[in-house]
Amino acid sequence: MLTIALSKGRLAEQAIELLERAGYDCNAAKEKSRKLILEDEKTGLRFIMAKPADVPTYVEYGAADLGVVGKDTLLEEGRQLYEVIDLGFGKCRMCVAGPKELKDGKLDSIPNKRVGTKYPNITRAYFEGVKKESVEIIKLNGSVELAPLIGLAEVIVDIVESGRTLYENGLDVIETVADISARVVVNRVSMKMKADELRPMIDKLKVEVEKMNQEKEG
Ligand code: PRP
């Protein structure tokens with residue numbers, strides 16, 4: 001039996017679609033219910049529906065053998081696991097954003113900046129690790145764009161997908177921190193102990209991702 005941790009929501013739907021294209025029967029996972037564990041003895045697949053931020057935790061501890069999760073969550077959580085496939089969907093960017101006036105290098109001239117974010121670890125790694133600058137990180141839980149509008153922080157570090165939220169709030173991307181997309185992650189022990197099941201699954205998924213990428217290009 002393989003246990004697969006899915007990020008509840010759109011990523012889960014796309015992951016299920018991909019597994020089906022790769023030849024895995026995912027009817028159990030498509031059951032419309034509030035059950036959090038969806039298991040099919042015939043197919044040997046068990047799906048757990050987790051909060052996205054918890055998927056790496058389930059996989060690191062071996063509660064799930066494999067998971068599908070955004071790179072943003074992986075960077076923020078910093079868990080010990082193998083990242084084996086970039087699925088190429090769920091694409092967005094992790095950005096420093098703020099008032100347009102801070103573009104073109106002006107951000108660097110503000111001393112002792114406050115940065116609002118749902119991603120304190122990514123923010124620290126970027127400002128302290130990459131830019132060698134110490135900043136005050138203010139942890140928020142959503143609607144992060146409010147922070148610079150209301151004077152809580154000079155800038156934010158957040159996900160930008162279409163850019164619409166920033167645009168409609170008079171903000172703009174100032175710097176890009178990382179490109180984000182959905183990834184397949186695998187527990188390190190499972191990779192050895194369940195190699196007979198996991199290796200073929202990873203190989204089949206890679207083939208489907210390659211096909212999808214070619215379809216997008218063509
Ligand atoms: C995310 C993110 C941005 C928005 C970006 O928020 O935090 O606010 O989506 O998308 P866009 O560039 O297409 O506008 P989410 O909807 O997850 O809600 P949140 O504000 O509660 O985090």
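Read the numbers this way: they start at 1 and go in the same order the structure lists the ligands and their atoms. Because the structure is predicted, anything quoted here is derived from the model rather than measured.
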Practice prompt. List the steps, then state whether salt bridge (Lys or Arg N to Asp or Glu O under 4.0 Å) holds for K194 with E197.
Written response: CA-CA 6 Å; K194 296 190 179 179; E197 291 165 275; 5.5 Å; no
Worksheet item: Going only through I, L, V, M, F, W and Y residues with side-chain contacts under 4.5 Å, is there a path from V155 to I150?
Response: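 No, separate clusters.
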Item to complete: Check the side chains of S181 and D86 for a donor-acceptor pair under 3.5 angstrom, ignoring hydrogens and angles.
Response: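 There is such a pair (donor and acceptor under 3.5 Å, judged by atom type) between the side chains of D86 and S181.
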Worksheet item: Taking atom types as modelled and ignoring hydrogens, do the side chains of Y119 and D158 form a donor-acceptor contact shorter than 3.5 angstrom?
Response: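 Side chains of Y119 and D158: no pair found under 3.5 Å.
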Worksheet item: Hey, is the main chain of L36 close enough, under 3.5 Å, to the side chain of K8 for a donor-acceptor pair?
Response: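 No; judged by distance alone, with no hydrogens or angles, the pair does not exist.
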Fill in: V186 to M191 - nearest heavy-atom pair and separation
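Nearest pair, atom of V186 first, then M191: CG1-SD, 3.9 Å.
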Practice prompt. Would you check ligand 1 and list the protein residues that come within less than 4.0 Å of it by any heavy atom, ordered by chain and number?
Written response: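 Contacts of ligand 1 under 4.0 Å: K118, G142, S143, E145, D158, I159, V160, E161, S162, G163, R164, T165.
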